[in-house]
Amino acid sequence: MNTRIAIVEDDHNAAELLSGYLDRYAAESNRKFDVDVFYNAGTFLTERGSFDIVLMDIELPDGNGLDVSRKLRERDENVLIIFVTNMASLAIKGYEVRAFDFVVKPVSYNSFVLKFSGALDALRKKHGKDIWISNKDGKIKLNTTEIKYVEIMSHILIYHTVRGEYRETGTLAELQELLADEPFALCNRCYFVNLAYVTAVKQQYAVVGDESLQISRAKRALFMSALNNHIAMGVD
């Protein structure tokens with residue numbers, strides 16, 4: 001499925017520039033995007049479909065970009081919003097609507113690529129990736145977003161998922177390589193945790209669903225750093 005992008009920009013030249021950047025990035029990265037351009041807030045807000053990423057001008061003739069984004073959030077909690085603005089001071093208020101990032105006009109291609117590729121990476125992490133678990137019963141396909149944590153017991157990997165537990169033989173090194181680009185971190189040498197499922201950290205424990213997994217002293221700094229980075233990216 002192609003990534004769906006909305007450009008909400010009243011300045012036709014600025015909209016064409018962003019659209020051209022998307023075409024160039026798609027060609028360079030061998031990706032495909034479905035791009036819709038909206039020249040005012042009213043037309044955009046009446047659009048029935050959903051978008052993966054919205055490039056939002058913060059100053060529109062018929063509505064403030066922040067207000068438009070608040071209305072967008074009422075119907076879509078997951079869309080990634082990148083503000084495009086002349087004034088960075090306004091974009092900083094984007095935390096109110098959980099904006100992913102902002103880019104300042106005039107937008108250079110290098111600046112655009114930096115912010116947009118970050119959004120694509122966050123989007124991929126939201127959707128996860130499919131992996132195959134092999135055991136004596138055959139093969140099972142799991143999406144990484146289904147995995148709460150993986151328990152490592154010698155050469156046995158136990159996948160604790162929203163669908164139940166699955167086991168396969170393997171090592172921690174193999175597991176880390178398999179999930180290298182996914183939001184997982186070790187809280188101790190036995191638990192490789194999906195940070196999206198961490199709901200609290202209480203003293204020396206990470207709360208994952210209705211379970212408390214011990215955070216070892218040796219792993220605490222790296223685990224908390226990974227968790228804080230995950231929270232900052234806002235990809236849940």
Side-chain angles (χ1 to χ4, degrees), residues 1-129 143 145 183 196 230-236:
M1 184 180 296
N2 295 348
T3 304
R4 194 169 184 212
I5 314 294
I7 299 173
V8 186
E9 170 63 73
D10 66 300
D11 184 314
H12 285 237
N13 290 331
E16 288 182 7
L17 180 70
L18 292 173
S19 183
Y21 284 171
L22 286 169
D23 288 340
R24 178 178 169 183
Y25 185 86
E28 291 176 351
S29 60
N30 195 30
R31 302 182 66 121
K32 291 184 178 180
F33 305 124
D34 292 330
V35 181
D36 290 302
V37 180
F38 302 90
Y39 296 107
N40 59 72
T43 304
F44 171 67
L45 289 173
T46 57
E47 171 65 29
R48 295 289 183 181
S50 61
F51 294 94
D52 297 303
I53 300 173
V54 175
L55 301 171
M56 176 76 71
D57 183 12
I58 210 166
E59 298 172 277
L60 296 166
D62 60 340
N64 180 287
L66 287 168
D67 294 333
V68 175
S69 297
R70 288 189 188 96
K71 293 177 181 177
L72 175 61
R73 276 281 175 250
E74 291 175 1
R75 72 184 193 205
D76 193 333
E77 286 289 317
N78 297 313
V79 62
L80 298 178
I81 300 170
I82 299 177
F83 281 123
V84 184
T85 178
N86 288 310
M87 293 182 289
S89 58
L90 284 178
I92 291 171
K93 296 187 69 177
Y95 71 88
E96 297 175 4
V97 292
R98 294 188 293 108
F100 177 79
D101 210 333
F102 68 92
V103 62
V104 178
K105 296 179 180 179
V107 182
S108 70
Y109 181 66
N110 287 341
S111 177
F112 171 81
V113 168
L114 179 65
K115 304 302 178 73
F116 186 72
S117 61
L120 289 176
D121 188 50
L123 188 65
R124 182 191 58 76
K125 289 179 179 178
K126 276 179 178 285
H127 295 163
K129 72 175 182 180
N143 187 276
T145 60
H230 177 76
I231 294 170
M233 289 185 67
V235 296
D236 287 350

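Throughout, residue positions are numbered sequentially from 1 according to the sequence presented. Everything numeric in this text was worked out from a predicted model, so none of it was measured.
Of the inter-residue distances, the one linking Asn13 atom CG with Leu18 atom CG reads 11.0 Å to the nearest 0.5 angstrom. Here the CG atom belonging to Asp10 is positioned 10.5 Å from the OH atom belonging to Tyr39, to the nearest 0.5 angstrom. Rounding to the nearest 0.5 Å places CD of Glu16 at 9.0 Å from CG of Asp11. Taking CD1 of Ile7 as the reference point, atom CG of Leu55 lies at 5.5 Å (rounded to 0.5 Å). Tyr21 contributes atom OH, which lies 12.5 Å from atom CG of Asp23 (distance to the nearest 0.5 angstrom).
Phe116 has its side chain out of reach of Val103: every pair of non-hydrogen atoms, C-beta onward, lies at least 4.5 Å apart. Contact check for His12 versus Val37: no side-chain heavy atoms found under the 4.5 Å cut-off. In this structure the side chain of Phe33 reaches within 4.5 angstrom of the side chain of Leu120, judged on heavy atoms. Between Asp34 and Asp36 there is no side-chain heavy-atom pair separated by less than 4.5 Å. A heavy-atom distance below 4.5 Å is not found between the side chains of Val8 and Val68.
Between Leu72 and the choices Val54, Asp67, Val97, the side chain to side chain contact (heavy atoms under 4.5 Å, CB included) rule is met once, by Val54.
Formation of a donor-acceptor pair under 3.5 Å by the Arg73 side chain with backbone atoms of Arg98 is found in this model. The backbone N or O of Val113 lies less than 3.5 Å from a partner atom in the side chain of Ser117, making a donor-acceptor pair.
Minimum heavy-atom separation, Phe38 to Ala6: CE1-CB, 4.0 Å. When all heavy atoms are compared, the tightest approach of Met56 to Ser69 is CE-OG, 3.8 Å. When all heavy atoms of Asp52 and Asn2 are compared, the closest pair comes out as OD2-O, 4.1 Å. Here the closest non-hydrogen pair linking Phe83 and Gly65 is CE2-O, 3.8 Å. Of all non-hydrogen atoms in Arg75 and Glu47, the two that sit nearest each other are NH2-O, 3.3 Å. Between Ala119 and Leu80 the shortest heavy-atom distance is O-CD1, 3.3 Å.
Checked by atom type, the side-chain pair Ser108/Asn110 shows no donor-acceptor distance below 3.5 Å.
Annotation for Lys71: atom NZ does not count as buried by contact number, only 12 or fewer foreign heavy atoms lying within 6.0 Å.
Between Phe112 and Tyr25, the ring planes are perpendicular. Angles over 60° get that label, and only those under 30° would be called parallel.
Pairs engaging residues 100-109 under the salt bridge (charged side-chain N to carboxylate O under 4.0 Å, His left out) rule: Glu9-Lys105, Asp57-Lys105, Asp101-Lys115 [sequence neighbours left out].
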